[in-house]
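For reference, the structure is listed below as structure tokens.
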Amino acid sequence: MDDKKTILSGIQPSGALTLGSYLGALVNWAAMSEIYDCYYTIVDMHAITSRQNPAQLRNTALTQLAQYIACGIDPDKNTLFIQSHVPAHAELSWVLSCYTMFGELSRMTQFKDKAAKNADNINAGLFTYPALMAADILLYQADLVPVGSDQKQHIELTRDIAVRFNGIYGDVFNLPEPYIPKVGARIMDLQAPTNKMSKSEIADGGCVLLLDKPEDIMRAFKRAVTDSESSIRYDLANKPGISNLIQIYSACTGKSLDEIECEFEGQGYGVFKAKVGEAVVETLRPIREETLRLLADKSYLRSVYDQGADKASRTANKTLRKVYKKIGFIER
Ligand code: TYM
């Protein structure tokens, strides 16, 4: 047995990956993938909590797998899998939903936001979504969950559920911690910088996708909404547009916020926006090229997700068997 930490994280294939998913989560996934025992999943079961086009869902999930690999996650050293290929997720989710309170689920910000935006489809799955997410994490006894800041609340609830379960049955689940980056944890929409950049809302042109062409990325940054001042200064409350651009530039170049303010002192917004656009283009270029190359090799991608499902199932089933035994289900 080695004592490497276990990492688990997932992204919904509910739309093409954005610069937000990359800087908030994937960058850290790749960095952790060289050091820890990592499970990275494509959470297609979560995605159907909002209506998906079946052909598009399949396509988005496969593209997402190629993007995980293109971001630098080596499928031979890590476990990359599709959530619906590992039935233990659905099974543990049911059990955990019996240890999750209605009041807890009602307080989830993501539920409230999504329910407000999709008033015609507030389904039960959308409501119990956090129990499935808790199952994703607890099945692997994860220590760390690298996510953007919007997922912190779900991980806190996962811990509460685990503590409640352990309190009744003994130490069944490891308690996970969120791992949230200092810079890039909440990338905002370029056209509406008080809203989170989101893959399910790409209509306004404020969203940059990982597969966008360089000229489209440059255009999006040149048109980014800023403010009527002219100083390049980090001030989240009063200058959300410029602050978002500074964050993006920092995340792409590794420069600190102070260094960036000095670098652009006395310069205009136009120059700065173009520089941020170029930094993003150069960050995403190799990922885009590698994704397109991998997508041309479907049999390789299939071998990755088949192997990932086998590896993930082995770990997940161990936890599930333990849980079933603890709660009093007869072993088969
Ligand atoms: P999802 O699919 O909305 O987003 C995937 C990851 O990307 C991060 N992210 C962002 N980070 C910074 N700025 C943004 N604008 C931005 N947009 C997205 C998210 O924080 C997330 O880390 N419930 C999860 C998926 C999930 C999951 C899990 C995550 C299901 N099971 C288990 C971790 C562990 C979600 O909806 O993420």
Side-chain angles (χ1 to χ4, degrees), residues 6-30 32 38-50 52 57 60-61 64 67-68 71 81-84 86 89-90 92-93 96 108-111 113-114 117 125-126 128-159 161 176-202 206-210 240 243-244 247-248 250-251 312 316:
T6 301
I7 312 300
L8 177 127
S9 200
I11 301 181
Q12 299 189 59
S14 49
L17 292 185
T18 71
L19 183 64
S21 356
Y22 179 68
L23 296 178
L26 276 165
V27 174
N28 280 325
W29 294 17
M32 290 173 144
C38 301
Y39 293 84
Y40 294 132
T41 175
I42 292 154
V43 291
D44 51 354
M45 290 162 62
H46 279 100
I48 62 162
T49 54
S50 54
Q52 303 295 332
L57 179 60
T60 307
Q64 203 169 298
Q67 287 176 308
Y68 286 5
C71 285
F81 68 102
I82 296 170
Q83 185 186 33
S84 62
V86 182
H89 289 249
L92 184 63
S93 167
L96 295 182
M108 293 294 112
T109 310
Q110 185 166 311
F111 170 70
D113 283 354
K114 294 215 166 164
K117 282 180 194 147
L126 190 66
T128 58
Y129 178 114
L132 177 58
M133 179 159 163
D136 299 340
I137 298 169
L138 299 177
L139 276 173
Y140 301 90
Q141 307 288 359
D143 297 295
L144 292 175
V145 185
V147 286
S149 59
D150 63 330
Q151 294 302 315
K152 191 166 172 244
Q153 194 185 32
H154 285 156
I155 298 169
E156 282 164 0
L157 179 57
T158 299
R159 285 175 66 93
I161 298 169
E177 300 271 354
Y179 184 92
I180 296 169
K182 289 211 169 56
V183 182
R186 192 170 172 82
I187 300 297
M188 310 308 271
D189 187 291
L190 299 182
Q191 287 300 311
T194 49
N195 298 342
K196 189 185 78 168
M197 187 183 280
S198 166
K199 55 176 137 55
S200 46
E201 287 157 68
I202 55 170
C207 189
V208 173
L209 303 180
L210 292 199
S243 302
N244 188 37
Q247 284 252 356
I248 293 172
S250 169

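Atoms within a ligand are numbered from 1 in the order they appear, just like the ligands themselves. Remember, predicted model here, so these are calculated numbers, not experimental data.
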_From the candidates Ser14, Gly15, Gly20, the one that places a heavy atom nearest atom 10 (C) of ligand 1_ = Gly20
*Quick one: which ligand 1 atoms are inside 4.0 Å of a heavy atom on Ala185?*
11 (N), 12 (C), 13 (N)
*Using a strict cut-off of 4.0 Å, indicate which atoms of ligand 1 neighbour a heavy atom of Asp150.*
19 (C), 20 (O)
_With a 4.5 Å cut-off on side-chain heavy atoms, are Leu138 and Thr158 touching?_
yes
_List ligand 1 atoms under 4.0 Å from Ser9, heavy atoms only on the residue side._
33 (C), 34 (C)
_With a heavy-atom distance limit of 4.0 Å, tell me whether Asp136 approaches ligand 1 through its side chain, its backbone, both, or neither._
side chain
*Decide yes or no on ring pair (Phe, Tyr, Trp, His ring centres under 6.0 Å) for Tyr40 and Tyr140, but give the supporting numbers first.*
CA-CA 11 Å; Tyr40 294 132; Tyr140 301 90; over 10 Å; no
*Qualifying residue, where the test is side-chain contact (heavy atoms from CB on, under 4.5 Å) with Asp136 and the options are Leu8, Leu92, Val145*: Leu8
*Under 3.5 Å, is there a donor-acceptor pair between the Gln151 and Gln110 side chains?*
yes
_Min heavy-atom dist Ala142 to ligand 1 below 4.0 Å_ = no
*Check Val147 against ligand 1 and report side chain, backbone, both or neither, counting heavy atoms closer than 4.0 Å.*
both
*State the CD1-CD1 distance between Ile161 and Ile137, to the nearest 0.5 angstrom.*
9.0 Å
_Nearest neighbour in protein (non-hydrogen) for atom 17 (N) of ligand 1_ = Met197 O, 3.6 Å
*By number and element, which atoms of ligand 1 are closer than 4.0 Å to a non-hydrogen atom of Gln110?*
36 (O)
*asked:* If the cut-off is 4.0 Å to any non-hydrogen atom of Gln12, which atoms of ligand 1 fall inside it?
replied: 2 (O), 35 (C), 36 (O)
*Provide the closest heavy-atom pair for Gln52 versus Pro13 in the form atom of the first, atom of the second, distance.*
OE1-O, 4.4 Å
*Has the side chain of Asn244 got a donor or acceptor atom that lies under 3.5 Å from a matching backbone atom of Met188?*
yes
_ligand 1 N/O within reach of Ile187 N/O, cut-off under 3.5 Å_ = yes
_Under 4.0 Å from a heavy atom of Val145: which atoms of ligand 1 are those, numbered in the order shown and with their elements?_
33 (C), 34 (C)
*Tell me: protein heavy atom nearest atom 7 (O) of ligand 1, and distance?*
Ser21 CA, 3.6 Å
_In the structure I gave you, are the side-chain heavy atoms of Cys207 and Leu209 within less than 4.5 Å of one another anywhere?_
yes
_Please evaluate residues Asp150 and Lys196 with respect to the criterion salt bridge (charged side-chain N to carboxylate O under 4.0 Å, His left out), reporting the C-alpha separation (whole Å), side-chain torsions for both, the decisive distance (0.1 Å), and the verdict._
CA-CA 9 Å; Asp150 63 330; Lys196 189 185 78 168; 2.8 Å; yes
*Closest heavy-atom contact between Ala30 and Cys71?*
CB-O, 3.3 Å
*Which heavy atom of the protein is the closest neighbour of atom 8 (C) of ligand 1, given with residue, atom name and distance?*
Gly148 N, 4.0 Å
*Of Met45, Met133, Met188, Lys114, which has the heavy atom at the shortest distance from atom 28 (C) of ligand 1?*
Met133
*Within a strict 4.5 Å, meaning less than it, do heavy atoms of the His154 and Phe111 side chains meet?*
no
*Around atom 6 (C) of ligand 1, find the nearest protein heavy atom and jot down its residue, atom name and distance.*
Ala25 CB, 3.9 Å
*For atom 37 (O) of ligand 1, grab the closest protein heavy atom and report residue, atom and distance to one decimal in Å.*
Gln151 NE2, 3.8 Å
*By number and element, which atoms of ligand 1 are closer than 4.0 Å to a non-hydrogen atom of Leu8?*
32 (C), 34 (C)
*Mark the output for Lys199 as yes if a heavy-atom distance to ligand 1 is under 4.0 Å, and as no if none is.*
yes
*Where does Ile137 meet ligand 1, judged by heavy-atom distances below 4.0 Å: at the side chain, the backbone, both, or neither?*
side chain
*With a 3.5 Å cut-off and no angle check, do the side chains of Thr6 and Gln141 form a donor-acceptor pair?*
no
_Ignoring hydrogens, what is the shortest heavy-atom contact between Ser21 and Ile11? Give both atom names and the distance._
CB-CD1, 4.3 Å
*Do Trp29 and Cys38 have side-chain heavy atoms sitting under 4.5 Å apart?*
no
*Can you list the atoms of ligand 1 that are under 4.0 Å from a heavy atom of Val43?*
30 (C), 31 (N)
*Nearest neighbour in protein (non-hydrogen) for atom 23 (N) of ligand 1*: Tyr129 OH, 2.6 Å
*asked:* Among all the protein's non-hydrogen atoms, which is closest to atom 29 (C) of ligand 1, and how far away is it?
replied: Gly10 O, 3.3 Å
